[in-house]
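Below: the structure, in structure tokens.
Labels below follow one simple rule: chain letters A, B, ... track the order of the sequence lines, proteins then strands, and each chain is numbered from 1.
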There are 2 protein chains.
Amino acid sequence: MIGFSQTTGYAIQALACLAGGGDRLVQAKEIAACTGIPGPYLSKILNTLVRAGLLRSKRGYRGGVELVRPPEQICLVDIAAALEGDEWLPECLLGLGMAQDDCCPLAEFWKETRTRIQERLKELTLRDIMRFMEERGRTLAAPCDDASVADADGRRVWAGASMPAGGGAPGAV
Amino acid sequence: MIGFSQTTGYAIQALACLAGGGDRLVQAKEIAACTGIPGPYLSKILNTLVRAGLLRSKRGYRGGVELVRPPEQICLVDIAAALEGDEWLPECLLGLGMAQDDCCPLAEFWKETRTRIQERLKELTLRDIMRFMEERGRTLAAPCDDASVADADGRRVWAGASMPAGGGAPGAV
DNA sequence: AAGATAGTTGACATCGTTGTCCGTTTTTAC
DNA sequence: GTAAAAACGGACAACGATGTCAACTATCTT
């Protein structure tokens, strides 16, 4: 399979979802509900992203995670490297056991292709992904700092995957 | 990791090595010695290639495997499909959970890139790989049908990885 | 200080990949 | 017919990817 692992896909979804929540702490539970990623597994992925320096976390009551820098300053190469390691684009496509340069008949082609992929993934940021998901109703709703949408138990409610995609986040933030 | 599995790399090496042996039955043992692939595991891979219709095998004394068609008629797409299944190039690079078309912001870019990879791997045949390996001394030697190079035990000897790369296979075949 | 909340961490389960081992089956040589 | 050779096939082991679960720790509310 020539592609990213499922875990990396999860991470991208989670970060895009998180980026749509504005500048606030977001709980893993919210992200899980919004994306459909298994909760406990998502926690591990988020923790990996924290240790990779892409997220900041806060424990305890009203804790959560948030981006360490604005979404337009986090590119997909950062995410890929955090989840798959620095060597996520192999030197040789075919994997014959040869030396570094001139490793196989595709060496030149693959080097060029690899560069193109890397460039593309470097210029593609979390904001792009966020907007893409937003247009399809798969990000968190607006911040809701005024608690006006808390339910009877006093818990916050959030926009799940079933949100009618009402045209993106309102002007807040 | 965006690349083929190790098993697929093994298969390519094995087939290239086999193609360098001319039109004869070659034993798995020979290929293992030539390529360095673990013997028992190579047997499984060869068996997979037999069931995929790329190899023909013959059991018993003086048995072995051979290509079902000449190496210039076997392309890398055939091998990839045999080992990794038909879906070895995913529809969506990022793996967000969206619909088929317009699956992510990279949909157009990835479709084009995917096509380029597929085209390149379709026009690259086993003969190309074979020649590449031959120039580096990693294919089987000439057929040796006359048994003139059998050792004291009556076993055939073959050109292992330590062969001095004497300029490719002689004129035979 | 007590209790609730939410991230952290380690143990465990499941499955595919990679690989080893051994017995079975088929074919040839004698 | 017997023995050797070689592919075939299933059981097993090690490891990473993918998940689940429970205990622990940090933080906030009261």
Side-chain angles (χ1 to χ4, degrees), chain A residues 1-11 13-14 18 24-33 35-52 54-66 80 82-85 87-88 95 97 147 150 153-156 158, chain B residues 1-11 13-14 18 24-33 35-52 54-66 83-85 87-88 95 97 147 150 153-156 158:
Chain A
M1 166 76 90
I2 298 198
F4 285 127
S5 71
Q6 186 171 10
T7 302
T8 301
Y10 282 168
Q13 280 184 74
L18 173 59
R24 64 179 178 107
L25 286 173
V26 175
Q27 298 175 19
K29 206 194 307 178
E30 297 180 62
I31 300 175
T35 60
I37 301 168
Y41 193 51
L42 174 62
S43 283
K44 300 228 168 213
I45 297 174
L46 293 177
N47 188 249
T48 300
L49 292 169
V50 167
R51 279 178 302 196
L54 295 182
L55 288 183
R56 190 184 305 119
S57 69
K58 191 181 176 190
R59 290 178 160 194
Y61 196 89
R62 295 216 172 174
V65 295
E66 61 183 349
L83 272 297
E84 313 228 345
E87 310 255 323
W88 56 276
D153 294 339
R155 299 162 191 266
R156 305 299 189 87
W158 58 81
Chain B
M1 165 76 91
I2 299 197
F4 285 127
S5 71
Q6 186 171 12
T7 303
T8 301
Y10 281 168
Q13 281 184 73
L18 174 59
R24 64 182 179 104
L25 285 173
V26 175
Q27 300 174 19
K29 205 193 307 177
E30 297 179 62
I31 300 175
T35 59
I37 302 168
Y41 192 50
L42 174 62
S43 284
K44 300 226 168 221
I45 298 174
L46 293 177
N47 189 251
T48 300
L49 292 169
V50 167
R51 278 178 301 197
L54 295 181
L55 288 182
R56 189 183 307 120
S57 68
K58 190 179 176 190
R59 290 178 157 194
Y61 197 91
R62 296 220 170 171
V65 295
E66 60 183 350
L83 273 297
E84 314 229 346
E87 310 255 323
W88 56 276
D153 293 339
R155 298 162 192 265
R156 305 299 188 88
W158 57 81

Look at all strands and tell whether [X] reaches a base, only sugar-phosphate, or nothing, counting heavy atoms closer than 4.0 Å.
X       : value
A:Ser57 : sugar-phosphate
B:Gly64 : sugar-phosphate
A:Pro40 : base

[X] versus [Y], closest heavy-atom pair with distance:
X       : Y       : answer
B:Leu25 : B:Arg62 : CD1-O, 3.7 Å
A:Thr8  : A:Ala80 : CG2-CA, 4.5 Å
B:Leu18 : B:Val65 : CD1-O, 3.7 Å
B:Ala14 : B:Leu42 : CB-CD1, 3.8 Å

Please give, in whole Å, the distance from [N] [atom2] to [X] [atom1]?
X       : N      : atom1 : atom2 : value
A:Gln6  : C:dG16 : CD    : C1'   : 13 Å
A:Leu18 : C:dG7  : CG    : P     : 11 Å
B:Tyr41 : D:dG9  : OH    : P     : 17 Å
B:Leu46 : D:dG9  : CG    : C1'   : 15 Å
B:Leu83 : C:dT18 : CG    : C1'   : 13 Å
A:Leu25 : D:dA26 : CG    : C1'   : 14 Å
B:Gln27 : D:dA5  : CD    : P     : 10 Å
B:Glu30 : D:dA6  : CD    : P     : 9 Å

Without placing hydrogens or testing angles, list every side-chain donor-acceptor pair under 3.5 Å for residues 43-50 of chain A, not counting sequence neighbours.
residue, atom, partner, partner atom, Å
A:Asn47, OD1, A:Arg51, NE, 3.4
A:Asn47, OD1, A:Arg51, NH2, 3.1
A:Thr48, OG1, A:Lys44, O, 3.0

Contact list (N/O, under 3.5 angstrom) for nucleotides 27-30 of chain D vs protein:
residue, atom, partner, partner atom, Å
D:dT27, O2, A:Tyr61, N, 3.1
D:dC28, OP1, A:Lys58, NZ, 3.0

Review point. By salt bridge (Lys or Arg N to Asp or Glu O under 4.0 Å), which residues pair with B:Arg56, not counting sequence neighbours?
Key: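 With sequence neighbours excluded, B:Arg56 shows a salt bridge (Lys or Arg N to Asp or Glu O under 4.0 Å) to B:Glu66, given in chain and number order.
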Review point. From C:dA6, D:dG9, C:dT8, pick the nucleotide closest to the side chain of A:Asn47?
Key: C:dT8
Exercise for review: Could you pick out which residue, A:Lys44 or A:Val65, lies toward the 5' side of DNA chain C when each is mapped onto its nearest nucleotide?
Suggested key: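 Closest to the 5' end, via its nearest nucleotide, is A:Val65.
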Exercise for review: Consider only side-chain N and O atoms of B:Tyr10 and B:Ser5, and report whether a donor and an acceptor are under 3.5 Å apart.
Suggested key: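 B:Tyr10 vs B:Ser5: no donor-acceptor pair found between side chains.
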